[in-house]
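Quick note on labels: first sequence line is chain A, next is B, and so on, each numbered from 1. Because only heavy atoms are used, hydrogens play no part in the values below, and waters and symmetry mates are left out as well, while side chains stay in.
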Amino acid sequence: AQSVTQPDARVTVSEGASLQLRCKYSYFGTPYLFWYVQYPRQGLQLLLKYYPGDPVVQGVNGFEAEFSKSNSSFHLRKASVHWSDWAVYFCAVRGASSSFSKLVFGQGTSLSVVP
Amino acid sequence: EAAVTQSPRNKVTVTGGNVTLSCRQTNSHNYMYWYRQDTGHGLRLIHYSYGAGNLQIGDVPDGYKATRTTQEDFFLLLELASPSQTSLYFCASSDWTGGNYAEQFFGPGTRLTVL
């Protein structure tokens with residue numbers, strides 16, 4: 001069964017600094033991978049998604065992520081963090097299959113941005 | 001963009017109480033989902049449905065029933081609520097056409113407290 005691990009429960013960065021949020025997945029086969037963001041008191045919104053192809057995918061608001069099959073990773077990056085990025089970030093995986101498969105989420109990483 | 005609404009937004013009940021959480025989506029998606037979000041666990045799938053009258057069991061179904069009455073409406077039922085069901089509940093919807101998986105759109109969440 002697929003699983004996702006986000007090893008950092010909390011991350012604090014300074015505004016303007018670069019950011020990397022880590023995600024490790026486990027899936028036997030070709031995965032589809034996603035990053036979602038949850039702003040305070042809101043539901044989840046899709047930041048970006050990876051379907052088999054270019055390993056670096058671009059998302060909204062300057063976010064990007066890189067898929068690595070050898071490392072089973074899908075880390076999220078941003079070059080310069082803004083205070084409005086303060087949120088909880090979830091990595092998720094599902095199988096690349098013609099039949100339906102469930103989306104499995106990681107535990108989430110809470111990002112705080114300080115001046 | 002798909003709209004997913006949930007009601008109530010907040011609910012307090014007592015142990016053994018009967019609770020119904022409601023979800024409506026207005027973009028004619030065929031799949032709908034109920035998740036619970038708990039610190040350290042991320043989002044976990046309770047039940048999902050691929051159409052009116054259909055119900056599929058998720059990963060943490062114990063203590064929950066669900067019913068999909070129409071394409072738009074999906075309900076989560078807690079018939080004998082317990083404190084362990086205190087959580088933030090999200091509803092989501094998505095389309096599914098063969099192998100083409102579309103993103104899940106999330107509602108704003110319902111915070112349930114069981115005393």
Disulfide bond (SG atoms under 2.5 Å apart) contacts touching residues 34-89 of chain A (sequence neighbours left out): none
What's the spacing between B/E103 CD and A/L48 CG if we round to 0.5 Å? 11.0 Å
Rounded to the nearest 0.5 angstrom, the OH-CD distance for A/Y36 and B/Q104 is 5.0 Å
Rest of the hydrophobic cluster containing B/I46 (Ile/Leu/Val/Met/Phe/Trp/Tyr, side-chain heavy atoms under 4.5 Å)? B/V19, B/L21, B/M32, B/W34, B/L55, B/V60, B/Y64, B/F74, B/L76, B/L78, B/Y89, B/L112, B/V114
So which residues of residues 106-115 of chain A are in contact with chain B at a heavy-atom cut-off of under 4.5 Å? A/G106, A/Q107
CG of B/L88 to CZ of A/R41: how many Å apart, nearest 0.5 Å? 12.5 Å
To the closest 0.5 Å, what do you measure between CZ (B/F90) and CD (A/Q42)? 9.5 Å
Just to verify, what does B/S82 make a side chain to side chain contact (heavy atoms under 4.5 Å, CB included) with, not counting sequence neighbours? B/S84, B/Q85
Distance check, rounded to the nearest 0.5 Å: B/L43 atom CG versus A/L44 atom CG? 5.5 Å
Taking the side chain as everything from C-beta on, heavy atoms only, tell me whether A/L103 gets closer than 4.5 Å to B/Y35. yes
Chain B contact via A/Q45 - side chain, backbone, both or neither, heavy atoms under 4.5 Å: neither
Any chance you could measure B/F106, atom CZ, to A/L46, atom CG, to the nearest 0.5 Å? 9.5 Å
